[in-house]
Amino acid sequence: MVDHLLSVQDLETQFKTPEGIVHAVNGVSFDLSEGETLGVVGESGCGKSVTMLSVLRLVQSPPGKIVAGKALFHGKDLLQLNSEDIRAVRGGQISMVFQDPMTSLNPVMTIGDQLAEPLMLHLNMTRAQANKRSVELLGLVGIPRAEERLKDYPHQYSGGMRQRVMIAMALSCNPQILIADEPTTALDVTIQAQIIELVKRLREELGMAIIWITHDLGVVAGLAQRVIVMYGGFIIEEAEVKELYANPRHPYTLGLLGSLPKIHEESRTKLYSIEGMPPVLYRKPTSCPFAPRCAWAMERCWNENPVLESLNPNHRVACFADTTNGSKHA
Amino acid sequence: MTNSEVIVTVDNLKMHFPIYRGVIRRKVGAVHAVDGVSFQVKKGETLGLVGESGCGKSTTGRTILQLYKPTAGKVYFKDTDLTSLRSEQMRLMRREMQMIFQDPYASLNPRMTVRDIVGEPLMSFGLASGKQIDERVAELLKLVRLNPDYIGRYPHEFSGGQRQRIGIARALAMNPSFIVCDEPISALDVSIQAQVVNLLEELQAEFGLTYLFIAHDLSMVRHISDRVAVMYLGVIVELTDRNELYRNPLHPYTQALLSAIPIADPVFSAARHRQVLEGDVPSPVNPPSGCRFRTRCPIAGPICAEKQPEWREVGPNHYVACHKV
């Protein structure tokens, strides 16, 4: 048994809303090894962000509440740490990059001040040391004339550059895990390509593990080693990246892959689309949460929620149906 | 294309937004959002318009519909010059041309019911009243695969994909022949994107609609378009048929855009060489001299700074503006 850097076990998170309790994360378990890049894929509301926010205890409470589970990081359960200890982990050993670089930076603080803050807080640097390190960090993420640009405010940076600053900030304390929550979704394709190349380079240079949350199966294909697909707060499929794209099993994964236009397609074919919408779960489901949208759904799917089972050591799926003949997919 | 009748002609269209400064609001410059764009849209086709944010693609779409008064240039719809029309004449023309907006959350009035949103154009043109509106709205909702019983609901009761369908129903209310789709799917989830794109294609087949499809996602544009125009900083740099563009991209910017598309295939992804563009799009207030792409172009030479490249046909229906091609 390999030692895992992070091991999340049976995590459950709920939100209290006026309409009732929303079951956002329903017993999610996964492991992350040192230096590994894990892709977490799913649509809005599938629980992918809430899972990672729960691990770092960033879910606002109330209305959110982590109901059950463990998140073992170096053997310590992050969910049991007191608030001072979890703050030392956050931004120090595990750091996070958020989706929207326009709103994640403080508009009235200079980039230099924002970069120096975690350095002085976590690494006890002096202001001068922190400034020197900030220049290095901006250089590392490819921002030219770093020394001058430290004095700039966020509005003087473009979207792509702000996301680089966010990454620089996340890397500032040499984290062991970088959690990136849709960091390229708000950016143009060309800038997205720049950021992905940057992250690949930094991963090689610094050797940290990465959890990359996205709805874009294309981005994950070029970046991750292993992929988790989430739906309705459950992990419904997990596989090594090549295995997942070559041999997707869950009808939802099949649908996601099918709804992407094929870049090599010469004639116009109709896109496969998953009918209906993702669910909001007010009760813990007793049936498969995907059944209402599933072309393979059979009686058993309505009576029982399938659990993740191993197909082979590199592939787990939660589905009763045999989807290997793609006939329902035409 | 079997029918090559031209429905929209854009001739050297320019849209400059003035910048005023100081107490007396002196004009100090202009944002050259669209700076000399010419193309034609043929009846029944989908013309894709792609480029990064800030390249002027949405402004082009809006200026064609005269939502902005163009600084220079002409827009012909069939044989009518839209830029010379008075506002009342233009208002009547709008029945023929409609728009679908990017953000289904911001483009629907939260205080209006679906009936009012979809029925407003009918009332505004006096084409229906009372019961007739209800009937027509119900019919339109069915067309976009929404339950006609939802007629009395408000936008917040719908998901993003459903709201986009309401926007489409509203655009269809006047039986237009030309629709500008301004990034209609970029705010939607992947599985919902496919639903909306399929709907747009079905409606096109049913009503013979012509689309100008604006997007930054080249893979979706390839899927839906017959021809694709690539825009950079207010000018079109390449225009050709969908397959030709992806098989044989000539402009270095098109090549870079294509290579930036993430591909959902890890084996292919690992094997391909990615040409990553450096830097950001320059400011359209002071666009670079000569070729506007030269500051980010991997093959730029001295001539590129001196002369704006000519727009020329290099192959059948393949137009490009680059000195190096």
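Labels below follow one simple rule: chain letters A, B, ... track the order of the sequence lines, proteins then strands, and each chain is numbered from 1.
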Is the shortest distance from a Lys or Arg side-chain nitrogen in R145(A) or E148(A) to a carboxylate oxygen in the other one below 4.0 Å?
yes
When the aromatic ring centroids of Y232(B) and H251(B) are compared, is their separation below 6.0 Å?
no
One option among G160(A), S158(A), A224(A) has the most heavy-atom pairs under 4.5 Å with chain B, and it is S158(A)
Do you know which of Q193(B), R222(B), R247(B), H216(B) has the most heavy-atom pairs with chain A at a distance under 4.5 angstrom?
R222(B)
V190(B) portion near chain A, given a 4.5 angstrom heavy-atom threshold:
both
Specify which of N243(B), D265(B), I263(B) makes the most heavy-atom pairs with chain A at under 4.5 Å.
N243(B)
So for E201(B), is it side chain, backbone, both, or neither that comes closer than 4.5 Å to the heavy atoms of chain A?
side chain
Given that the side chain runs from C-beta out, which part of E197(A) has a heavy atom under 4.5 Å from chain B: side chain, backbone, both or neither?
side chain
What I want to find out is whether K48(A) reaches E43(A) closely enough, with some N-O distance under 4.0 Å, to be called a salt bridge.
no
H23(A)-F15(A) aromatic ring centre distance below 6.0 Å:
no
Max heavy-atom pairs within cutoff under 4.5 Å with chain A, candidates S191(B), A256(B), S259(B), goes to S191(B)
Under a 4.0 Å threshold between the charged nitrogen and the carboxylate oxygen, would E202(B) count as salt-bridged to R145(B)?
yes
When I196(A), T190(A), L244(A), V220(A) are compared by non-hydrogen pairs under 4.5 Å with chain B, the top option
T190(A)
Can you see whether Y252(A) has R293(A) sitting over its ring - NZ or CZ less than 6.0 Å from the centre and within 45° of the normal?
no
What about Y150(B) and F158(B), are their ring centers closer than 6.0 Å?
yes
If you tally heavy-atom pairs under 4.5 Å against chain A, which of L218(B), I192(B), V276(B), N198(B) wins?
N198(B)
By a 4.5 Å heavy-atom criterion (distance strictly below it), what part of I274(A) contacts chain B: side chain, backbone, both, or neither?
both
Considering all heavy atoms, the nearest A318(A)-I235(A) contact
CB-O, 4.2 Å
Between L256(A), D216(A), L223(A), V189(A), which shows the greatest number of heavy-atom pairs under 4.5 Å with chain B?
V189(A)
Please classify the contact of S225(B) with chain A as side chain, backbone, both or neither, using a heavy-atom distance under 4.5 Å.
backbone
